[in-house]
Amino acid sequence: MRIHALQTGSVRVKRSFLFAGKGVRRQLDLFLPGPWADPLPIHCWAIEHGERLLLVDTGEVAAARDIPFARFEVARDQELPHAMAAVGLSLADVSEVILTHHHGDHADGLVHVRAPARMSAAELAFIATPFPRLMRRVLRQPLPSGFAPRSLSLDARPFGAFPRSLPLSEDARIVAVETPGHTPGHISVICVDDADRHVMLAGDATDTLEQLHARRPDAAGPDPKVHVATLERILAHCAQHPTVYLPSHDPDSARRLGEGITVS
Ligand SMILES: [Zn+2]
Ligand SMILES: [Zn+2]
């Protein structure tokens with residue numbers, strides 16, 4: 001198995017996004033003037049396993065519009081086809097795409113992909129409800145054109161500390177697990193690598209490893225309690241199995257993948 005970090009540009013977010021306040025300030029601060037953090041990478045991931053090439057997320061595109069708490073820095077030549085070519089891969093060889101959640105910096109790159117995509121049934125149900133529909137309109141963040149991922153349903157099959165999961169490969173070395181919080185239907189993908197480490201492609205379960213250790217819910221998720229419960233579950237999993245934890249926007253994720261650095 002080979003796992004590649006793909007980077008499709010960067011995003012700058014407000015500090016209040018990374019270090020969320022409490023109570024009403026948690027989401028309000030996102031829309032008020034405030035300091036901005038340094039740019040963070042926008043990663044997605046390619047997994048070569050047997051005959052298959054799986055993508056986990058598809059990154060952002062240059063046309064993405066900024067929002068009150070995020071500014072996208074993506075050039076055309078940083079979009080998915082170029083990010084894949086940079087590691088010697090071709091979009092034509094992709095067998096399937098798994099989306100961790102519906103946000104544009106994870107799903108917009110789907111415009112480049114012909115292979116089928118899947119997203120969790122819970123996330124598909126969530127994006128059809130009125131509030132996220134309204135937010136997409138207010139923030140001018142439409143779903144990518146032709147967006148129609150198939151539904152992926154996890155079942156009551158525990159995987160490590162996660163009570164529900166779904167194998168994504170026949171040998172069950174690639175597994176989807178539920179990580180709700182950032183969005184209600186957010187999932188992560190865990191790969192059991194050739195050294196039997198678990199490589200967790202964590203999407204936006206947290207922005208950084210530091211946020212995981214701090215057990216700090218983010219500013220975006222609808223229910224901080226759900227988010228904190230997920231962070232506890234991820235930490236419990238990391239305590240059971242050596243796990244390389246790779247959030248999409250952590251500046252250290254690519255290095256931790258390359259060096260096989262597990263959560264301690
Ligand atoms: Zn997100
Ligand atoms: Zn993101």
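Just the heavy atoms: all of them, side chains too, but no hydrogens, waters or symmetry mates, feed the values below. Computed from a predicted structure; not experimentally measured. For ligands, and for the atoms within them, numbers begin at 1 and follow the listed sequence.
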Angle at the Zn ion (ligand 1) (to 10°), with one arm to ND1 of His103 and the other to NE2 of His101: 90°
Pair Lys225 + Asp223, salt bridge at N-O below 4.0 Å: no
Between His182 and Asp218, a side-chain donor and acceptor under 3.5 Å: yes
Sequence neighbours excluded - ring-ring contact (aromatic ring centres under 6.0 Å, His included) pairs with any residue from residues 189-225: Phe159-His198, His198-His237, His198-His241
N, O or S atom within Asp204 nearest to the Zn ion (ligand 2), by name: OD2
From CA spacing to verdict: ring-ring contact (aromatic ring centres under 6.0 Å, His included), His112, His82: CA-CA 11 Å; His112 295 296; His82 301 273; 8.0 Å; no
Name of whichever N/O/S atom of Asp105 is nearest to the Zn ion (ligand 2): OD2
